[in-house]
Novice: 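Following this message is one structure expressed as structure tokens.
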Amino acid sequence: MTSAPSLAPISPEQISQLTDSSQWGQPSPAPILSARFKQSAADFQVDELLEVELSGEGEHLWLLIKKTGMNTSFVADQLAKWAKIPSRDVGYSGLKDRQAVTTQWFSLRIPKSELPSTSFDEFMMANLSSELESVQVLEQAWHSKKLNRGTHKANHFKIHLRDIQVGDDTNIDTTKIDAALNIMATNGVPNYFGEQRFGRQGNNIASALEWFEQGTINGRKPHPKKSRDLQSLLLSSARSAIFNQILSARVEQGNWDKALEGDVFNLNGSGSVFTVEQIDQEIQDRLASGDIHPTAPLWGIKNDKVDAAAKALEQQVVEQNSILQRLAQGLEKKELKTMRRATRLPVSNLSWSWPDEQSLLLQFTLPTGTFATSVLSALVADLS
């Protein structure tokens, strides 16, 4: 890594270049020019796919909850208040959006199995602040273990895009859109981190730079323990920005789903990565079938698996952008060990229908840690 340039001020426009999804490369032009997204919570539905066999015994009450207009943290806090237990005794696997209809599991540690006299549904009905909010317990069962982060492996999405525009012609020919979706179902899409990872107007990147270079966040020195979640978010945002730019470069070069000399490969559906001495026909065939994927770095120290052309590309992308250089150096000073993330995102169980001429209903399944907006960005140029 070359030394960073003098620490010049970073403009909002510079950060926007990194965090605006319209600036990231796509394998082909989006067939939809514009569409409206999340006009109501019902337009974005997410169902957590959790494969755990609940024993029916134990001190942890597991609840499958359907919620509208509420994020995961809020519901977890309400569950703790309802059961009169510490917040640390409420478990969940992943975070879900507020502006959506979502179903996900929670667990509550209740040692004596003594439930409140009112149901959680009733408790929430008395505490809802808006008619747009709702909550419903769909299933419940006792189990011997707490639900931990990352337990579920996938999410199923149902997304309604409205007011679709493909050009000046108000009559939409769905042929090109259907063709693009068929290609997507076969080839997947670039595995970008979504814009939401970077905060409003990319503020997480500005905060990460401040923390790396001045030791403060929003002008204050962060508390070692109380700000752990915020620090983790900023580290993740910095890594995501670098990853996205390297991926964008590979998309523009046409090798985001193909092998480069020195690549590190990911085994589909796992966290396993490996290297090969030579890219032979077997590797090519496995890439073509989706059994393995190329990777790009989640930046840190000990980035020693990647080599040759793949390594040169990664270094070049970072060295040519002063913000990426500064983020990379900050991450290295924090001594995070480099991890690898697949550059290709498989889109499983993709189906779609046209409720009307300017409305598209999509359904698909994605692994945890990936973003539905990555699918939408490949399909829609301007998503509002």
Side-chain angles (χ1 to χ4, degrees), residues 20-49 66-69 96-104 131-134 136 138 153-196 251 256-257 268 289-290 344-384:
D20 181 356
S21 60
S22 68
Q23 302 296 316
W24 307 335
Q26 293 293 345
S28 58
I32 299 175
L33 293 184
S34 66
R36 293 191 180 277
F37 174 47
K38 287 189 177 182
Q39 294 302 289
S40 69
D43 286 348
F44 188 58
Q45 300 183 38
V46 188
D47 296 318
E48 194 172 79
L49 303 181
K66 181 178 181 179
K67 58 193 189 310
T68 301
K96 300 291 185 291
D97 291 352
R98 177 182 179 183
Q99 183 63 15
V101 177
T102 64
T103 60
Q104 70 175 122
E131 294 181 356
L132 300 178
E133 297 175 342
S134 67
Q136 179 184 5
L138 302 179
K153 301 304 181 185
N155 293 300
H156 183 73
F157 296 87
K158 186 176 181 180
I159 296 174
H160 201 156
L161 299 178
R162 302 179 185 275
D163 299 332
I164 289 174
Q165 302 293 327
V166 297
D168 295 334
D169 191 353
T170 56
N171 295 319
I172 297 178
D173 180 0
T174 64
T175 305
K176 289 184 179 180
I177 300 172
D178 291 340
L181 287 166
N182 277 313
I183 292 172
M184 201 178 288
T186 302
N187 298 342
V189 297
N191 192 20
Y192 289 115
F193 288 95
E195 287 185 13
Q196 57 267 49
V251 171
W256 65 282
D257 58 350
N268 184 53
S289 70
R344 177 169 55 186
L345 172 59
V347 185
S348 303
N349 306 314
L350 177 60
S351 64
W352 63 94
S353 61
W354 293 89
D356 57 63
E357 290 184 353
Q358 290 187 301
S359 179
L360 175 61
L361 186 62
L362 298 166
Q363 294 195 60
F364 51 86
T365 301
L366 298 179
T368 56
T370 61
F371 292 78
T373 49
S374 295
V375 177
L376 301 181
S377 293
L379 187 67
V380 185
D382 181 11
L383 198 63
S384 58

Novice: Please identify each residue that fulfils side-chain contact (heavy atoms from CB on, under 4.5 Å) with Glu48, with sequence neighbours left out.
Specialist: Ser93, Lys96, Gln104, Trp105, His152, Asn155
Novice: State the CG-OG1 distance between Leu383 and Thr373, to the nearest 0.5 angstrom.
Specialist: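 Atom-to-atom, Leu383:CG and Thr373:OG1 are 8.5 Å apart.
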Novice: Quick check for you: to the nearest 0.5 Å, what is the distance between Asp257 atom CG and Leu345 atom CG?
Specialist: 12.5 Å
Novice: Quick check for you: to the nearest 0.5 Å, what is the distance between Gln363 atom CD and Ser353 atom OG?
Specialist: 7.5 Å
Novice: Does Phe364 offer a backbone N or O that forms a donor-acceptor pair with the side chain of His156 under 3.5 Å?
Specialist: yes
Novice: Taking the side chain as C-beta and beyond, is there a heavy-atom pair between Gln45 and Thr102 under 4.5 Å?
Specialist: no
Novice: Knowing that exactly one of Phe193, Trp256, Tyr192, Phe371 qualifies, which makes a ring pair (Phe, Tyr, Trp, His ring centres under 6.0 Å) with Trp24?
Specialist: Tyr192
Novice: To the closest 0.5 Å, what do you measure between NZ (Lys153) and OG1 (Thr365)?
Specialist: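 The OG1 atom of Thr365 is 15.5 Å from NZ of Lys153, to the nearest 0.5 Å.
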Novice: Once side-chain contact (heavy atoms from CB on, under 4.5 Å) is applied, do any residues pair with Asn187, and if so which ones, sequence neighbours excluded?
Specialist: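 By the side-chain contact (heavy atoms from CB on, under 4.5 Å) rule, Asn187 matches Ile183.
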Novice: Quick check: does any side chain N or O of Gln23 sit under 3.5 Å from a backbone N or O of Asp20, one acting as donor and the other as acceptor?
Specialist: no
Novice: If only side-chain N and O atoms count, and only distance matters, is there a donor-acceptor pair under 3.5 Å linking Ser21 with Glu195?
Specialist: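 The criterion, which ignores hydrogens and geometry beyond distance, is satisfied for Ser21 and Glu195.
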Novice: Residues two or more places apart in sequence or in another chain: which of them pass salt bridge (charged side-chain N to carboxylate O under 4.0 Å, His left out) with Lys38?
Specialist: Asp97
Novice: Run the side chain to side chain donor-acceptor pair (under 3.5 Å) check on Trp352 and Asn182 step by step: do they pass?
Specialist: CA-CA 10 Å; Trp352 63 94; Asn182 277 313; over 6 Å; no
Novice: Supply the atom-to-atom distance Gln358 CD to Ile32 CD1, rounded to the nearest 0.5 angstrom.
Specialist: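 Reported value, rounded in 0.5 Å steps: 11.0 Å.
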Novice: Can any side-chain N or O of Ser377 pair as donor or acceptor with the backbone N or O of Ser374 at less than 3.5 Å?
Specialist: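 No, Ser377 side chain to Ser374 backbone: no donor-acceptor pair under 3.5 Å.
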Novice: Can the ring centroids of Phe37 and Phe44 be said to lie less than 6.0 angstrom from one another?
Specialist: yes
Novice: Within this structure, what is the OG1-NZ distance for the pair Thr103 and Lys66, rounded to the nearest 0.5 Å?
Specialist: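 Separation between the atoms: 8.0 Å.
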